[in-house]
Every structure is written in C-alpha cells, then in structure tokens.
There are 2 protein chains.
Amino acid sequence: MSSVSLSNWKAVEAEVLSRIHSRQWEPGQLIPNESDLAEEFGCARATVNRALRAIAENGLLDRKRKAGTRVATNPVRRATLNIPVIREEIEAGNHSYAYAVFSSKIEEPPLNIHATMRLNGDEPMLHHQSVHLSDGKPYVASDRWINLDAVPDILNADFKSISANEWLVANAPFTNGDIAFSATSGDASIAERLGAKSGEALFAIDRTTWNNDIAITSVKLVFHSGYQMRTVL
Amino acid sequence: MSSVSLSNWKAVEAEVLSRIHSRQWEPGQLIPNESDLAEEFGCARATVNRALRAIAENGLLDRKRKAGTRVATNPVRRATLNIPVIREEIEAGNHSYAYAVFSSKIEEPPLNIHATMRLNGDEPMLHHQSVHLSDGKPYVASDRWINLDAVPDILNADFKSISANEWLVANAPFTNGDIAFSATSGDASIAERLGAKSGEALFAIDRTTWNNDIAITSVKLVFHSGYQMRTVL
DNA sequence: ACAATTATTATGTGCATACATATAAAGATT
DNA sequence: AATCTTTATATGTATGCACATAATAATTGT
C-alpha cells in the first residue's frame with residue numbers, strides 16, 4: 001500500500017477518499033482511528049483529523065466521539081450553491097446589466113409575508129418591485145418587502161444607481177436567513193415583466209433574512225424562462 | 001472591549017462575526033492580522049486561524065496571503081443544500097414510501113444525454129423510468145440513464161425492493177458530479193405520472209455523476225407540484 | 001433484571017513552534 | 001518608465017503535546 005508518508009492533509013484526504021471510492025472501506029464500515037491512521041500515513045494525528053473533518057463536512061464520513069469514524073451508508077450529499085448578486089452573475093457572463101424599478105411604496109404586507117418574516121404587525125413595510133435585465137432582456141423579476149424599522153435609511157437610497165438587493169447587501173448585514181427554491185407559473189404581471197408567456201414554468205427563489213431576530217427583508221425572485229441554477233457535487 | 005480571553009475558536013468566530021455585523025469592521029476593510037487578534041483575544045494564532053477560516057469558507061471574509069484578511073464587500077453567499085435519498089426525505093416527514101418502475105430497458109440515449117454524460121457512444125445504456133410515492137401520492141418522477149459499462153451489476157438488481165437511486169448510492173460510488181435546478185412544465189407523460197395538470201410548473205433537478213471521468217448515471221427528477229427545496233443561510 | 005455509577009476511548013480542541021508559500025511592496029537593473 | 005529581482009509579511013499548514021468532551025462499555029448496587 002502507500003508506505004510513502006502522506007504528510008499533508010490534502011494527501012491524506014485524497015487517500016481516504018480513494019479508499020472509500022475503491023470500497024476498500026465499505027459504506028457503514030468503521031475505519032481505523034485517527035492515531036492508527038496517523039501512524040500508517042506517517043503524519044501527526046492533527047493532520048489526519050483535519051482531513052477526516054473535511055471529508056465529514058462533505059457528508060461522506062460520519063464521526064462520533066468514542067464510537068469512531070465510519071463511512072456514511074446513505075451519503076446525504078451536500079451541494080454548495082453560490083448565491084451571487086444578480087448584477088455580478090450577469091456581468092460574469094459578459095452581458096450588460098440594467099435594473100428597472102416598477103413600484104416602490106409603503107404598504108401593508110399580505111399574510112404570507114407577515115408569517116414568513118415573523119413580523120409583529122406594526123412595522124412599516126416597503127414593497128419594492130423591480131426587474132433585472134441582461135443585455136436589455138428581462139433576467140429576473142424581484143418582489144421584495146423591506147422592514148423599514150430595521151433599515152429606515154433605504155428610503156434615501158437612489159435606486160437608479162444601485163438595486164435594492166445591492167443596497168441591502170452593503171448596508172444591512174444579516175445574521176441568518178431562509179432560502180427556498182421552487183417552480184412557479186408566476187402571476188400574469190410577473191410573467192409580463194419577464195416577457196414570458198403566461199403560465200410558463202419559471203424558476204423561483206424565496207429568501208428571507210434576519211439580523212438577530214429582526215426581520216430585514218423577504219424577496220421572491222422569479223427568473224426568466226429556461227434559467228438553471230447549477231453547481232457541482 | 002473584550003478583555004476577557006476568547007480561548008476557543010467558536011468564541012473567536014462569534015466575536016469576529018459580531019464585529020462584522022455591527023460594522024465595527026466594514027465591508028472591504030482590512031482586519032487585524034491573525035497574530036494581533038490572537039494577542040487581543042488571548043489565544044493562540046492557530047485558534048484565530050481556525051475561526052477566520054471557517055468564516056471565510058462561508059464567504060463573509062476574503063483572505064489572501066501577505067495581503068491579509070478583509071471583510072467581503074459583496075458577500076457571495078453560500079448555501080449548503082442537503083440532497084437526501086428520496087426515500088429518506090419522505091420517511092423523515094413520517095410518510096410512507098413506495099416506488100414504481102414504469103420502464104427499464106436498454107436503449108440508445110438521446111443526444112443531450114450523450115453530451116451531458118460525455119459518452120463515447122459505444123456504451124450500452126439502461127433507460128430507467130420510475131416514480132417515488134409518498135403516502136401513495138406521486139412525489140417525484142425520475143428519468144434516468146445508466147452506463148452499463150460502469151455498473152453492469154445493476155441488471156441483476158431487484159427494483160422491487162430498492163430504487164435505482166439507492167442501488168447506485170450503495171454500489172456505484174462517484175468522484176464528482178454536476179447538478180442543476182430548474183423549472184419545467186414537464187412533458188405530458190411525466191405530468192401524468194405525477195398526477196399533475198399538463199403544463200403545470202414543476203421543480204426539477206438534473207444530476208450527472210462520474211467516477212474518475214467514467215460516466216455513471218444521469219437523472220432528471222421532476223417533483224410534484226408545489227415542491228420546495230429549502231435550506232438556511 | 002434493571003438502574004445508576006464509573007471507567008475507557010475516540011474525537012475535538014488549544015497551544016507553541018516551526019517552516020512553507022503566495023504575493024505585495026520595495027529595490028535594482030535595463 | 002518598464003521590467004526583473006529581492007525582501008518582507010500574512011496566511012497556510014505540520015507537529016507534539018495536553019486536556020476536554022461525548023458516548024460507549026464495564027461495573028456496581030439494588
């Protein structure tokens with residue numbers, strides 16, 4: 001086997017992955033403990049620990065104190081999605097970016113927004129609707145609610161030069177958020193804004209963010225027809 | 001400030017996050033280097049390193065050797081999606097799981113499958129179509145192509161007791177894969193299998209996996225109407 | 001037989017030190 | 001002024017050691 005010393009964690013990671021993939025270590029099987037592996041690989045236990053931890057974070061190993069480390073049986077795969085600012089996503093593809101506001105006014109939010117944002121009910125809410133354009137063509141429609149108690153300054157923002165999303169990213173940090181991906185036919189007005197046929201299947205992202213339990217914003221993004229969000233495993 | 005010593009990396013992580021969120025360290029700003037922070041927090045540099053690394057992995061800090069660490073300006077948020085085995089997803093919700101195969105035969109794949117899987121063209125391919133049911137109701141339709149050169153044994157699998165996906169998870173490890181999320185109206189036959197109205201917007205996942213450049217399988221999963229895939233930020 | 005207690009063990013983490021490596025910045029050379 | 005070379009520096013990582021912690025296994029007591 002590998003009697004050469006694997007003395008960096010990337011090499012150890014690769015060797016362990018190879019043993020998993022080659023089924024030398026089968027799903028469910030207990031693998032040797034860190035000390036033994038360190039001895040076999042000719043490195044420190046901390047190095048093995050770093051490698052195994054990285055693999056476990058990816059879901060391919062299950063680790064438990066005292067019980068040891070075993071190969072995951074039904075590896076719940078973890079895919080990491082990058083959620084960029086729309087402008088950067090468009091410009092990264094060498095397209096020109098533009099942004100149009102349809103409506104921006106203080107309104108009472110509907111019940112579902114009230115519930116997802118966990119509002120008290122007395123917050124003044126800004127309802128902001130816009131479209132991001134790529135090369136002049138509609139790319140994604142945004143329907144956003146903003147808690148003005150949390151970010152009152154947004155009323156002074158100039159949405160001709162910056163999108164609500166980018167203003168918030170720059171000015172309203174959040175500690176946690178929910179995000180959901182789904183398919184929608186969209187209502188007629190959103191379809192129209194996107195230049196999509198009414199009833200066409202569109203990819204949607206719903207995202208709500210909080211700063212220490214204070215709701216900041218909730219947005220529904222409906223993408224143009226044919227949009228795919230991709231990543232690697 | 002905090003003259004009490006933060007001598008574990010979780011505490012350091014929390015303190016750094018708090019400084020970012022409170023804008024004590026603003027977006028784009030260079031933060032003190034690891035040694036200085038270690039001194040301030042009264043811990044080892046390795047501990048600070050561990051904390052900053054964890055934050056950077058989440059996209060909130062940008063780190064570069066010699067240049068130092070700065071608060072990310074447009075934090076590309078990273079969301080981690082758990083991609084479970086369908087059966088477990090259904091059973092986790094306390095629903096009963098069932099699985100029905102519609103068709104399973106060796107066929108010539110269409111061009112798009114040929115391209116996404118990067119096939120040579122001479123591989124024998126198994127075309128496997130099925131539906132997963134939750135409490136007897138269609139949950140997700142699966143349209144799968146399997147490279148029999150890579151996993152010939154699958155012809156002996158008994159798909160009455162185990163789904164193709166679970167068989168593959170257990171018997172055909174992969175080293176890398178692509179995954180894409182989208183919305184589709186589905187074709188009429190898929191809609192029918194799902195008990196969905198034709199033309200209804202459905203959430204879809206396309207996933208292709210390889211084992212060291214050998215294509216294993218490519219699958220299109222079309223979920224029932226209203227399905228959402230969710231996670232936290 | 002069962003419950004409560006204690007011991008054991010594998011992972012989790014912290015620390016001091018050393019060296020590796022990328023790269024920005026300064027300096028030398030053309 | 002432009003390019004190449006050197007230097008300085010912040011992060012990246014390996015190591016040996018120590019101790020913390022969770023959870024299983026063994027033991028004890030009823």
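Labels below follow one simple rule: chain letters A, B, ... track the order of the sequence lines, proteins then strands, and each chain is numbered from 1.
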Pairs meeting criterion side-chain hydrogen bond (donor to acceptor under 3.5 Å, both in side chains) with involvement of residues 165-174 of chain A, two or more places apart:
R87(A)-E166(A)
Please tabulate, for side-chain N and O atoms in residues 208-216 of chain B, each donor-acceptor pair with protein atoms closer than 3.5 Å (sequence neighbours left out).
residue, atom, partner, partner atom, Å
T208(B), OG1, S218(B), OG, 3.0
W210(B), NE1, M117(B), O, 3.2
N211(B), ND2, P173(B), O, 2.9

Sugar-phosphate means primed atoms, P, OP1 and OP2; the rest is base. With that split, encode nucleotides 12-20 of chain D 5' to 3' as B, S or - using protein heavy atoms under 4.0 Å.
BBSBS-B--
With a strict under 4.0 Å distance from non-hydrogen atoms of chain B, what nucleotide opens and what nucleotide closes the contacted stretch of DNA chain C, reading 5' to 3'?
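Counting from the 5' end, contacts occupy dT13(C) to dA24(C).
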For [X], salt bridge (charged side-chain N to carboxylate O under 4.0 Å, His left out) partners two or more places apart:
| X | result |
| --- | --- |
| R207(A) | none |
| E89(B) | none |
| K10(B) | E13(B) |

Rounded to the nearest Å, what distance is computed from the [atom1] atom of residue [X] to the [atom2] atom of nucleotide [N]?
| X | N | atom1 | atom2 | result |
| --- | --- | --- | --- | --- |
| L30(B) | dA10(D) | CG | P | 9 Å |
| K66(B) | dT6(D) | NZ | C1' | 12 Å |
| L61(B) | dT11(D) | CG | P | 11 Å |

Below 4.0 angstrom, N of the basic side chain to O of the carboxylate: do E34(B) and R53(B) qualify?
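A salt bridge is absent here (no side-chain N lies under 4.0 Å from a carboxylate O).
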Tell me, which pairs form a ring pair (Phe, Tyr, Trp, His ring centres under 6.0 Å) where one or both residues lie in residues 8-39 of chain B, sequence neighbours left out?
none
Quick one: list whatever passes side-chain hydrogen bond (donor to acceptor under 3.5 Å, both in side chains) with E26(A), sequence neighbours left out.
none
Considering residues at least two apart in sequence or located in another chain, which fulfil the ring-ring contact (aromatic ring centres under 6.0 Å, His included) criterion with H114(B)?
none
Would you please name every residue forming a ring-ring contact (aromatic ring centres under 6.0 Å, His included) with F174(B), sequence neighbours left out?
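For F174(B), no residue satisfies ring-ring contact (aromatic ring centres under 6.0 Å, His included) once neighbours in sequence are set aside.
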When we call it a touch if two heavy atoms are under 4.0 Å apart, what does S35(B) touch: a base, just sugar-phosphate, or nothing?
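Nothing: the residue S35(B), judged by heavy atoms under 4.0 Å, touches no strand.
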Roughly how bent is the helix from dA1(C)-dT30(D) to dT30(C)-dA1(D) end to end, in steps of 10 degrees, with each end axis from five pairs?
10°
